[in-house]
Structures are given as structure tokens and as C-alpha cells.
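All chains are named by letter (A, B, ...) in the order of the sequence lines, taking the proteins before the strands, and each is independently numbered beginning at 1.
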2 protein chains.
Amino acid sequence: MSGQMNISSPEEPHSAPTLSAVAKLAGVSSITVSRVVRLPDLVAPETRGRVEAAMRELGYVPNQLAVGLARARTRSIGVLVPTIANSIFADTVQGLSDELEPLGYAVILAQSRYDAAREDYMLSTLLSRRPEAIIMVGSPATEDGARLLKRAGIPVAETWDLPATPIDAVAGFDNFEAGVTVARHLVAQGRNSFAFIGGDDPRATRRWNGFNEAAQALGIKAPRRLVLDRNASGSVVALAELPGVDAVFAANDAHAIGFMAGLRKAGLLRNGPAPEQPVAVIGLGDLEMGRLIAPSLSTIRVNGEAIGRTAAKLILTREGPRHIDLGFELVHRDSG
Amino acid sequence: MSGQMNISSPEEPHSAPTLSAVAKLAGVSSITVSRVVRLPDLVAPETRGRVEAAMRELGYVPNQLAVGLARARTRSIGVLVPTIANSIFADTVQGLSDELEPLGYAVILAQSRYDAAREDYMLSTLLSRRPEAIIMVGSPATEDGARLLKRAGIPVAETWDLPATPIDAVAGFDNFEAGVTVARHLVAQGRNSFAFIGGDDPRATRRWNGFNEAAQALGIKAPRRLVLDRNASGSVVALAELPGVDAVFAANDAHAIGFMAGLRKAGLLRNGPAPEQPVAVIGLGDLEMGRLIAPSLSTIRVNGEAIGRTAAKLILTREGPRHIDLGFELVHRDSG
DNA sequence: ACGCCAAATGACAACGTTAACATTATCAAT
DNA sequence: ATTGATAATGTTAACGTTGTCATTTGGCGT
């Protein structure tokens with residue numbers, strides 16, 4: 001406008017108005033403005049009116065950094081997921097965020113991309129923001145990461161799994177048992193040549209272990225495990241790589257559906273119910289899409305959103321049980 | 001392990017160690033510790049070693065709140081999406097976050113849930129954290145929201161659309177034109193009774209407008225518009241509601257696939273190429289799943305991740321073009 | 001032996017807010 | 001009239017960093 005020097009930005013070089021800017025305009029001290037924001041009842045209606053007018057006029061937005069410093073409460077929570085571009089984790093983030101945002105908490109989101117080094121880096125980045133709690137999918141991949149979390153002295157929720165030695169709270173399900181359940185189911189259906197497809201992250205591996213051990217305990221010959229590249233777009237696995245297999249457990253629904261596309265191309269997919277399928281396919285996650293395709297996808301249903309909500313509730317209180325097994329459920333549809 | 005006084009181990013309410021705690025332990029002043037973190041070259045190697053040891057011993061993690069206050073740079077950016085549990089937006093968040101995290105920025109995530117009031121609330125929550133920029137899907141729903149952003153005086157990127165009067169930067173595509181493209185395509189295929197299904201948020205509405213106007217301009221009788229409840233799980237729309245329709249444009253792939261499930265149930269889905277379909281279906285977004293199902297889904301391909309990356313780049317610089325049209329592409333597959 | 005410069009370190013006041021007291025005005029009860 | 005309670009407001013010192021000056025060393029040229 002007039003005496004502006006060099007900082008030329010779209011609107012004005014106005015750095016955000018402060019408490020005392022509002023105070024000056026309203027002719028009160030800054031603490032009074034602070035009170036109008038936090039404890040309006042302590043301020044005389046007439047004064048309050050003046051202050052509120054000043055706040056509106058200046059477009060005052062409190063600086064949460066300063067608040068956080070002064071009160072040692074940041075009203076933020078750190079969330080670490082392998083990747084957000086994966087419906088199941090996205091559901092979890094939505095769940096926890098729906099629980100937390102109305103309470104005034106900010107969600108600071110970080111992705112590890114299934115990389116241990118990046119996970120540790122993200123963990124300390126997160127911690128440097130002094131969140132009041134951390135919610136993560138899975139458990140820290142390294143000892144360093146775990147130590148970081150323990151020393152932080154804040155509530156920590158590990159999700160999507162049931163770690164043997166949890167840091168603090170847990171909201172998950174038994175991935176090993178999920179594998180066992182699938183193996184038993186397939187055996188009960190009379191299948192006898194198994195394969196597992198999916199990533200090799202800790203949780204997928206736990207599913208594989210359960211699947212593998214249970215299958216063998218039931219007298220099935222050792223299942224094959226096909227580790228899929230994470231960005232193997234489409235993950236359309238040729239059955240060529242799995243000769244003779246008549247039942248496949250996929251680490252998640254996306255892989256399962258990709259695999260079914262491969263089967264379809266090979267003419268190995270029927271529209272009828274499970275017994276007609278040359279190759280049974282079971283997924284995990286219960287994506288909505290699995291219900292909609294034909295043949296509909298049998299899957300281990302896991303409620304990602306509930307995991308998120310539960311984790312949020314766990315970090316909000318120190319009381320009650322800290323380890324919650326949300327369980328899973330085998331949903332038997334047409335694919336196997 | 002000997003002379004520890006009160007800081008007892010793992011679980012105590014020990015507030016995080018500060019610069020001066022480290023300083024005391026290393027026998028230097030706190031400013032020196034600060035320099036070891038930020039400007040290690042200014043510190044004598046011997047001193048630096050001592051300080052680094054002290055930092056490790058205490059598990060020092062800098063307090064970014066204090067840093068942010070002192071330097072007026074928070075190294076954080078606010079991200080506002082309607083919902084994260086929607087693959088296309090999740091891709092965008094992943095894209096921008098992959099671009100920003102390596103640079104040390106934290107992503108503060110907020111969801112509006114397509115609710116104008118909640119959007120405004122989230123916007124000011126976000127702003128109160130003093131992010132260095134805001135990236136949002138779409139544009140502020142209210143005047144208040146827009147004003148808030150303008151007054152904040154930070155870079156703002158609006159995405160997934162091309163607003164007529166952008167606040168600052170834009171990374172999106174023309175939703176109206178997408179609707180037009182679909183209408184033209186369907187007419188070219190000889191279809192003549194159109195319907196649109198999807199939400200009634202601004203972007204979906206823009207798609208509808210383009211679709212509707214282009215269809216009518218091409219001599220097609222006024223298309224029907226079916227507004228779907230957002231949480232209409234499955235969104236399996238009975239064709240019963242759309243008698244006589246032979247072509248449907250869905251506001252996104254999820255709706256399209258849900259609708260196709262309805263068609264399948266009604267026996268109106270063929271496995272062959274588009275001309276054989278009794279009802280053509282076109283989606284938007286190009287979910288991977290659309291490629292995998294049978295019949296494969298024709299769709300308007302939009303690169304959500306690229307939108308995120310582009311938005312991130314835009315807010316990182318003041319130079320170069322501020323309005324980027326990432327475009328879209330009609331992918332013709334078997335569904336229509 | 002002297003002054004000088006660079007390297008290494010430190011003191012102190014911000015940054016915007018809140019907690020913990022401190023002060024003033026108002027007014028009813030003696 | 002004085003007291004004391006209550007309501008309304010203000011002062012000051014944190015919170016954990018960093019920017020901007022000091023200040024202290026030690027080495028070097030002459």
C-alpha cells in the first residue's frame with residue numbers, strides 16, 4: 001500500500017496478526033484476548049464484543065505453534081502408514097481422523113513406503129512435531145524406531161497386527177490366524193495344491209506363515225509363495241508361474257482381483273459359485289469392489305475403519321484394555 | 001548407569017530433552033548444540049563429537065514447534081481433501097507427500113467430508129498450525145473459506161478442477177470438458193438415451209453439466225441425473241430407476257463398477273467389446289480395478305498422483321506458470 | 001613482542017502464547 | 001466508613017528455539 005519495502009506477495013506482506021495486534025486494536029491487553037478465545041466467561045460481555053470485533057477485522061487465527069509451546073499440548077497426532085494409496089490403510093486413516101478431528105486434533109501424516117530407513121526418518125520427523133500420540137500401521141521395522149517411540153513417552157498405537165511385544169496400545173487382528181483360516185477353508189473345499197501371492201512385508205509374511213503351516217499340518221504339500229513386486233501394476237500374475245495350483249490366497253484383495261484377471265484371460269474363471277472354479281481365490285480386506293465383480297471375491301474381511309477408530313480411542317485414554325483384537329471373518333463368495 | 005537421579009526409565013513422564021539438557025551434559029551452551037544440528041561446520045570437531053554423543057545418549061529430537069516459532073518457517077503444509085478413503089484422492093495425497101516429505105515437510109491432513117462447515121473449520125484448524133502452504137482438492141465451498149485462505153498469505157493450490165477465479169495455484173483438469181468428451185463419445189457409438197450417476201459435489205456437477213449440455217447440443221434427449229448418496233454402499237443402482245437408458249456416465253470409477261454390478265445382476269452385461277453391451281458405461285479416474293474386471297471399464301483417465309506432485313511443485317516455487325491443466329484421456333475399453 | 005584475524009563459543013532478546021499471580025474496580029454487609 | 005468478596009483486567013515469566021551481536025581463544029606475520 002504505502003511504505004511497503006520488498007516483500008511483494010499476492011495480498012499483503014501481512015504476517016498473521018497476533019494476540020497483541022488484536023489487543024491493541026481492541027484497547028485491551030493480550031491476555032484478555034487470549035481469554036476471549038479460551039475462557040470467554042471471564043471477560044465482560046462488552047469487552048468481549050470489542051475483542052471479537054477486532055479479531056474478525058484482523059482475521060485473527062491463533063498460532064497453534066505458540067500454544068503448543070506454552071502449554072505442552074499440541075493437539076496433534078502423528079500417523080505413519082506404509083502408503084496411503086491403498087484402500088485399506090486409507091480407510092484406517094479416515095476412521096481415526098473422523099474420531100480425532102472433531103476433538104480438535106490435527107493429523108500429521110507420514111508414509112514409510114515399506115522402507116525401514118524412511119520409516120525411522122519419518123518417525124523422528126513426526127516426533128519433532130511433538131504429537132500427543134503416534135498411530136502406526138504395523139510395528140517399527142527397526143530397533144532404533146522402537147526405541148524412538150518408547151523414549152518419546154507418548155501413547156503409541158500399533159495397528160493391523162498383534163505384535164508379540166507391543167510398545168503400548170494395539171488395535172489389530174491376528175494375521176497368522178487369518179492364513180490358518182484360509183488354509184483350513186480351502187482344505188475343507190477339497191482343494192489340495194496351494195499358493196500364496198503378495199508382498200513380503202511383515203504382515204503379509206505372517207499371513208503366509210499361518211497359511212503355509214496350517215496347510216502342511218493338514219497334509220497339503222508345501223504351498224508355493226510368489227512375492228509380487230509392490231508396484232507390479234495390475235499384478236496380473238500368469239498362472240503359468242503356478243502350474244497345477246488349484247487354490248490361491250492373496251495377501252490382499254487388490255492382488256486377488258489382479259490374479260483373477262489373469263485367470264480370466266486364461267479361461268479359468270467361471271461365473272458360477274466356488275466349487276465350479278478351476279482355481280479358488282481368497283483375498284484379504286474385503287474391498288467393496290470384491291463384492292461387485294463376477295465371480296464375487298471370497299475374502300478375509302477386516303474392518304480398516306474400525307481399526308482406525310479403535311486406535312484413536314486407545315490413544316485418547318490410558319484406561320481400559322490396551323490390546324484390542326478386532327478379529328476378522330472369512331466371507332465365502334463365488335471365487336473360492 | 002550409575003548417578004541417574006529422577007529420570008527413571010522407559011515409561012516415566014519424562015518430557016523430551018531440550019537443547020539445554022544436551023548442552024549441560026556436553027558441557028557447552030545450548031546455542032552450540034543448536035549449531036551442531038544446523039551448522040556443524042561452525043563447531044570444532046572435538047566439541048561436535050561430545051555434543052553428538054550427548055544427543056544420542058539423551059535421545060534428543062529437536063522441537064519443531066519452537067523452531068517454527070523462532071524462524072517463522074514450520075516446514076509443514078496443510079492438505080485438505082473431501083475424504084481420504086477414496087482411491088483417487090489418496091493417490092493425490094501420496095503424490096504430493098512423496099514430493100514433500102523428502103524435503104522435510106510434514107503433511108497435515110484434514111478431511112472435509114464434503115461438508116462446507118467442516119471444510120471451513122478444518123481450514124482454520126489447518127491455518128492455526130501455520131503451514132507454509134495449503135493444497136486442497138477443489139476450491140473453498142464458502143466465501144469465508146476463500147477469504148481465510150487469501151488472508152493467510154501463503155501459497156495455495158487448488159486441485160482436481162480448474163476454478164474460474166483461482167486463489168493462487170491450480171493443478172487440475174477440466175471437469176466440464178470431461179463430461180463433453182464422454183457425451184460425444186457415446187453419441188459417436190450410436191447411443192441415444194443417456195444418464196449420469198454420481199454425487200452432487202461441485203466437480204461431479206461440472207462433469208454433469210458438460211455431459212448434459214453436450215448431449216443436448218448433439219440432439220440427444222435430456223439425460224437423466226441420478227444423485228447417489230455418498231455412503232450408498234455398493235452404489236448398486238437398479239437399472240429400474242433408469243428405464244430405457246442405453247448409456248451411463250458415472251462420476252467416478254467406483255460408481256461405474258457398482259452400476260455394472262447392477263447391470264450384471266439384470267443380465268445386461270456382456271463379456272465382449274463395447275458395441276455388444278446393452279448399456280454402455282463410462283467411468284472417471286481409471287482405477288486399476290477397472291482394467292481388471294470383465295468387461296473392462298471404459299473411463300476418463302485422470303492421473304491423481306501427478307496432480308498431487310504438480311501441486312506440491314507449484315507451492316514450492318513462486319515462478320513459472322501457476323495454473324496447470326493436467327488434462328484427461330478417454331480410455332476406450334469393453335464397457336462402452 | 002605486538003597487534004590482528006579467524007575460529008570457536010556464548011549471552012540475550014525475540015517468536016506468540018499461556019500459567020500463575022497481582023492489581024484494580026464494584027458493591028453488599030456490617 | 002470500612003471490610004472483604006467477587007468480577008474484570010493486567011504483569012511477568014516461562015515454553016524451546018534461532019538471529020544478532022559479543023567475547024574468548026590461538027596462531028600468524030612482522
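Nucleotide dA25(C) holds its P atom 16 Å from the CD atom of Glu46(A), rounded to whole Å. Nucleotide dG19(D) holds its P atom 12 Å from the CG atom of Leu42(B), rounded to whole Å. Distance CZ (Arg129(A)) to C1' (dG16(D)): 15 Å, rounded to an integer number of Å.
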Throw together a table of side-chain donor-acceptor distances under 3.5 angstrom for residues 17-27 of chain A, partners on residues two or more places apart or in other chains.
unit_1	atom_1	unit_2	atom_2	d
Thr18(A)	OG1	Ser20(A)	N	3.3
Thr18(A)	OG1	Ser20(A)	OG	3.1
Thr18(A)	OG1	Ala21(A)	N	3.2

Side-chain donor/acceptor pairs under 3.5 Å, residues 54-63 of chain A, sequence neighbours excluded:
unit_1	atom_1	unit_2	atom_2	d
Asn63(A)	OD1	Leu65(A)	N	2.8
Asn63(A)	OD1	Ala66(A)	N	3.2

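For dA8(C), neither phosphate oxygen OP1 nor OP2 lies less than 4.0 angstrom from any side-chain nitrogen or oxygen of Thr32(B). Considering only side-chain N and O atoms, Ser29(A) lies nowhere under 4.0 angstrom from the phosphate OP1 or OP2 of dT9(D).
Taking the six-membered ring where the residue is Trp, Trp160(A) and Phe89(A) present perpendicular rings, their angle passing 60° and hence far from 30°.
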Would you give a per-nucleotide map of nucleotides 14-19 of chain C, 5' to 3', where B means the base has a protein non-hydrogen atom under 4.0 Å away, S means only the sugar-phosphate does, and - means neither?
-> -BBBBB

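Here the side chains of Asp98(B) and Arg309(B) are in contact, with some heavy-atom distance below 4.5 Å.
Glu52(B) and Arg48(B) are not joined by a salt bridge, as no carboxylate oxygen comes within less than 4.0 angstrom of a charged side-chain nitrogen. Salt-bridge formation is detected for the pair Arg118(A)/Glu101(B): a Lys NZ or Arg NE/NH1/NH2 atom is positioned less than 4.0 Å from an Asp or Glu carboxylate oxygen.
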